[in-house]
Amino acid sequence: IKTDLILRLDIQTYRFSGTSYQVNICRNKPCFNCSVSFGMHLVLNTFNINEITKSIGTLIFRVALGFTFVMHGFQKAFLIGPAAEGAAFAKMGIPAPELSAYFTIGAELIGGALLILGLGTRFAAAAIAIAMAGAFIFVHINALFITDQKTGAGFEYVFILGMAAIMFILTGGGRYSLDSFFSRNKA
């Protein structure tokens with residue numbers, strides 16, 4: 001894991017990338033970082049383990065959610081087919097069923113792949129959230145929360161997938177995403 005080398009001269013801070021130590025030139029009486037009165041000294045930089053575990057958790061969840069949607073999109077696109085999916089959407093009363101089927105396939109297949117990569121995460125998650133909102137409004141709204149074993153109706157699955165997508169709209173892809181990589185390398 002990489003941290004920054006920080007050189008402090010009174011108030012100003014200069015950063016040098018690639019090391020896990022801070023170099024402090026202290027002119028305070030004493031230095032508040034390490035209680036040395038004056039002079040140059042090294043202080044081991046500590047990592048915030050909470051931030052690292054949050055980032056790893058976000059990565060795992062983003063990839064799992066993306067994989068789930070890729071598989072659903074793959075099923076609709078290649079196993080069922082867009083025309084048959086559109087016909088099924090028409091039977092469920094979904095407006096513009098063929099267009100809705102293509103949107104759902106794109107949101108799930110392409111949006112899921114983008115989630116896995118962490119690329120355009122908020123955009124991909126928004127498309128997925130719209131598809132899940134449509135599934136809830138047009139298919140699952142009258143069902144109970146928990147899936148009925150006899151009818152298969154229930155909205156907990158659509159609900160949790162939609163809420164997960166909304167989470168990624170709000171948080172983005174996290175530290176270990178292509179979005180983060182490209183934003184760090186813009187400067």
Side-chain angles (χ1 to χ4, degrees), residues 1 47-82 84-149 151-187:
I1 299 173
F47 298 104
N48 185 342
I49 195 70
N50 195 31
E51 289 301 316
I52 293 169
T53 57
K54 281 182 189 177
S55 297
I56 292 170
T58 302
L59 169 68
I60 291 168
F61 188 58
R62 193 188 74 239
V63 169
L65 185 67
F67 179 76
T68 300
F69 279 108
V70 166
M71 296 311 292
H72 279 272
F74 181 85
Q75 177 189 27
K76 287 178 177 76
F78 301 109
L79 302 179
I80 298 170
E85 193 66 29
F89 280 18
K91 286 180 184 176
M92 290 184 262
I94 296 174
E98 287 187 20
L99 180 62
S100 295
Y102 278 103
F103 175 80
T104 302
I105 290 167
E108 291 179 354
L109 191 59
I110 297 167
L114 290 173
L115 277 182
I116 290 170
L117 297 171
L119 182 62
T121 304
R122 286 186 164 102
F123 173 77
I128 288 169
I130 291 167
M132 293 300 99
F136 175 74
I137 291 166
F138 295 110
V139 180
H140 299 279
I141 198 162
N142 292 322
L144 297 173
F145 182 78
I146 298 170
T147 303
D148 184 322
Q149 295 300 318
T151 64
F155 70 86
E156 80 279 3
Y157 189 62
V158 169
F159 174 76
I160 197 67
L161 291 176
M163 291 299 111
I166 290 170
M167 186 203 80
F168 283 110
I169 293 170
L170 298 173
T171 64
R175 174 189 239 175
Y176 304 120
S177 67
L178 287 178
D179 290 336
S180 178
F181 174 78
F182 290 133
S183 69
R184 280 192 308 259
N185 291 323
K186 258 186 189 177

Please step through side chain to side chain contact (heavy atoms under 4.5 Å, CB included) for the pair I128 and F168, ending with a clear verdict. CA-CA 10 Å; I128 288 169; F168 283 110; over 6 Å; no
Look up atom [atom1] in [X] and atom [atom2] in [Y], then write down how far apart they are to the nearest 0.5 Å.
| X | Y | atom1 | atom2 | result |
| --- | --- | --- | --- | --- |
| I160 | M167 | CD1 | CE | 10.0 Å |
| Y102 | F89 | OH | CZ | 12.0 Å |
| I56 | Y176 | CD1 | OH | 5.5 Å |
| L178 | F181 | CG | CZ | 7.5 Å |
| I105 | S100 | CD1 | OG | 11.0 Å |

Taking the side chain as everything from C-beta on, heavy atoms only, tell me whether I141 gets closer than 4.5 Å to F136. yes
Any non-hydrogen side-chain atom of R175 less than 4.5 Å from a side-chain atom of L59?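 They are not in contact (no side-chain heavy atoms under 4.5 Å apart), so the answer is no.
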[X] and [Y]: which non-hydrogen atoms are nearest, and at how many Å?
| X | Y | value |
| --- | --- | --- |
| P82 | A101 | O-CB, 4.0 Å |
| I166 | A129 | CG1-CB, 4.2 Å |
| G120 | D179 | N-OD1, 2.7 Å |
| A127 | A107 | O-CB, 3.7 Å |
| R62 | L115 | NE-O, 2.6 Å |
| A135 | V158 | CB-CG1, 4.0 Å |

Here's a test for you: under side-chain contact (heavy atoms from CB on, under 4.5 Å), which of L114, L109, L161 qualifies with F69? L161
Classify the ring geometry of H72 against Y157: parallel below 30°, tilted from 30° to 60°, perpendicular beyond 60°.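 Geometry flag for Y157 against H72: tilted rings.
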Aromatic rings F155 and F159: how do their planes relate, parallel, tilted or perpendicular, breaks at 30° and 60°? perpendicular
Using modelled atom types only, decide if a donor and an acceptor are shared between the side chain of S180 and the backbone of G173 within a distance under 3.5 Å. no
